[in-house]
Amino acid sequence: MSNKKRRKAVVLLSGGIDSSTTMAIAKAEGYEIYALSFDYSQRHKRELASAKKVASSLGVEKHLIIKFDLREIGGSALTAEIEVPKGVTSNELRVTSKEKDLSLVTRHSSLIPFTYVPARNTIFLSFALAWAEVLEAENIFIGANAVDYSGYPDCRPEYLRAFKDMANLATKASVEGRLRFRIRAPLISMKKSGIIKKGIELGLDYSLTWSCYEGDEVPCGMCDSCVFRAKGFREAGIKDPLTQD
C-alpha cells in the first residue's frame, strides 16, 4: 500500500542565514515543512519580513508567526534599551563601567554577549514542541550552531540533548508511545562558510535573509551578527547579496 504520508517537520525560522539554511536542508530531506517564527518585540523585527520571504520561496506548508512581548522581561540588547555592541567579536565583549544593570554585569562577566535573550531558545522550542505534538511531527529543526556563533548557552549540543529528553518526558504523545521527538540541528558543528556553501548548493537565495541586530533597512555591518555573516561569506569566497560594494 502506497498510502504513506510525507513526514512533517516544524522548523524554527528567524529569517537569518542559519535558520533559512536549516529549512532548506529539511526540505531537501523530503519533509513537509511547518515554519515557526516569533514576533517578540525584538529590536530587529525586520527579520520577520525575511522569514516570510524565505518561507514562501521554500514552499512551506504553513508559516506561523507567534506574537508575544519579551520587552516586558528585557535583559538583552535585543529586547531592552541596551546598546547593541559594535565592531567587536563576542570574545571581546566586556561589561563596561557605563553598564547600570547589575544583573547584566553578573551574567555577561562570563563573556556571553549582551545580545543573548534570556531563555529564548527554550521559549521558541517549547512553542515548536507544542505545534509538533498537534501536527504529529517527530522532528523539530533549529539552526543552532556551536562554531561561528555568539556564544549563547542555548545553542550548545548538550542543551539540545537536554531539551529533547525533556520533550519526551513532557508530552502526551511521547508518554503514550505514539511519538518520539527529535531536535534536529544539522548546522551545529559547521563553520558559517560551510553553512553558506550548503545553502547555495540547495538553491537558497541569501538575498532574502537578514542577520543584522539593528532594525534598519540596511545592515549596520558592525554588530556581532553582521561580523559573523561577513566572515562567513568572505571565507566561502561568495559575495553577500546584501552588501552594497
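Residue numbers count from 1 along this sequence.
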With under 30° as parallel and over 60° as perpendicular, where do the rings of Y34 and W131 fit, or are they tilted in between?
perpendicular
Would you mind reporting whether [Y] and [X] have side-chain heavy atoms less than 4.5 Å apart?
X    : Y    : answer
N121 : C155 : yes
F141 : V10  : no
L204 : S20  : yes
W210 : P219 : yes
L242 : R229 : yes
K172 : R178 : yes
C212 : S225 : no

Testing the basics here: between [X] and [Y], what is the closest heavy-atom pair and its distance to 0.1 Å?
X    : Y    : value
L58  : A24  : CD1-N, 3.8 Å
A185 : A144 : CB-O, 4.4 Å
I33  : A26  : CD1-CB, 3.6 Å
H63  : A55  : ND1-CB, 3.7 Å
A137 : F181 : O-CE2, 3.4 Å
I195 : N145 : CD1-ND2, 3.6 Å

Per the side-chain hydrogen bond (donor to acceptor under 3.5 Å, both in side chains) rule, which among E47, K53, K52, R46 passes with S50?
R46
Short N-O contact, [X] and [Y], less than 4.0 angstrom:
X    : Y    : answer
D154 : R120 : no
R43  : E83  : no
E29  : R184 : yes

Hey, any chance [X] and [Y] share a hydrophobic cluster, counting ILVMFWY side chains that come within less than 4.5 Å of each other, even indirectly?
X    : Y    : value
L125 : I73  : yes
L48  : F38  : no
I140 : I66  : yes
L70  : I65  : no
L202 : I196 : yes

Under the ring-ring contact (aromatic ring centres under 6.0 Å, His included) test, which residues partner Y206, sequence neighbours left out?
F233
The criterion is ring-ring contact (aromatic ring centres under 6.0 Å, His included); which residues satisfy it with Y40, sequence neighbours excluded?
F124
Option among L12, L13, V54 that satisfies the side-chain contact (heavy atoms from CB on, under 4.5 Å) test with S37
L13
One pair to check against side-chain contact (heavy atoms from CB on, under 4.5 Å): S211 and I17. What are the steps and the verdict?
CA-CA 7 Å; S211 302; I17 285 176; 4.1 Å; yes
Are more than 12 heavy atoms from other residues, nucleotides or ligands located less than 6.0 Å from atom CD of E158?
yes
Report, as yes or no, whether the 6.0 Å neighbourhood of atom CD on E176 holds more than 12 heavy atoms from other residues, nucleotides or ligands.
yes
Scan for side-chain hydrogen bond (donor to acceptor under 3.5 Å, both in side chains) pairs involving residues 132-142, sequence neighbours excluded, and state none if there are none.
Y31-N139, N139-R182
Decide side-chain contact (heavy atoms from CB on, under 4.5 Å) for V147 and K192; before the verdict, give the C-alpha distance in whole Å, the side-chain angles of both, and the deciding distance to 0.1 Å.
CA-CA 8 Å; V147 181; K192 190 73 76 178; over 6 Å; no
About how many Å separate [atom2] of [Y] and [atom1] of [X], when rounded to the nearest 0.5 Å?
X    : Y    : atom1 : atom2 : answer
F114 : S76  : CZ    : OG    : 10.5 Å
K231 : E235 : NZ    : CD    : 4.0 Å
T21  : M190 : OG1   : CE    : 8.0 Å

Test your reading of the model: is there a side-chain donor-acceptor pair from [X] to the backbone of [Y], 3.5 Å cut-off?
X    : Y    : answer
T171 : N168 : no
S207 : P241 : no
R156 : P153 : yes

For the pair I142 and L160, evaluate side-chain contact (heavy atoms from CB on, under 4.5 Å) and give the outcome as yes or no after the intermediate values.
CA-CA 9 Å; I142 181 172; L160 297 175; 4.2 Å; yes
Please lay out, stage by stage, how D69 and S41 fare under the test side-chain hydrogen bond (donor to acceptor under 3.5 Å, both in side chains).
CA-CA 5 Å; D69 190 0; S41 296; 3.0 Å; yes
Step by step, work out the side-chain hydrogen bond (donor to acceptor under 3.5 Å, both in side chains) result for R234 and S193.
CA-CA 8 Å; R234 184 172 62 253; S193 57; over 6 Å; no
Steps toward side-chain contact (heavy atoms from CB on, under 4.5 Å) verdict (F68, F127):
CA-CA 12 Å; F68 52 91; F127 275 106; 3.7 Å; yes
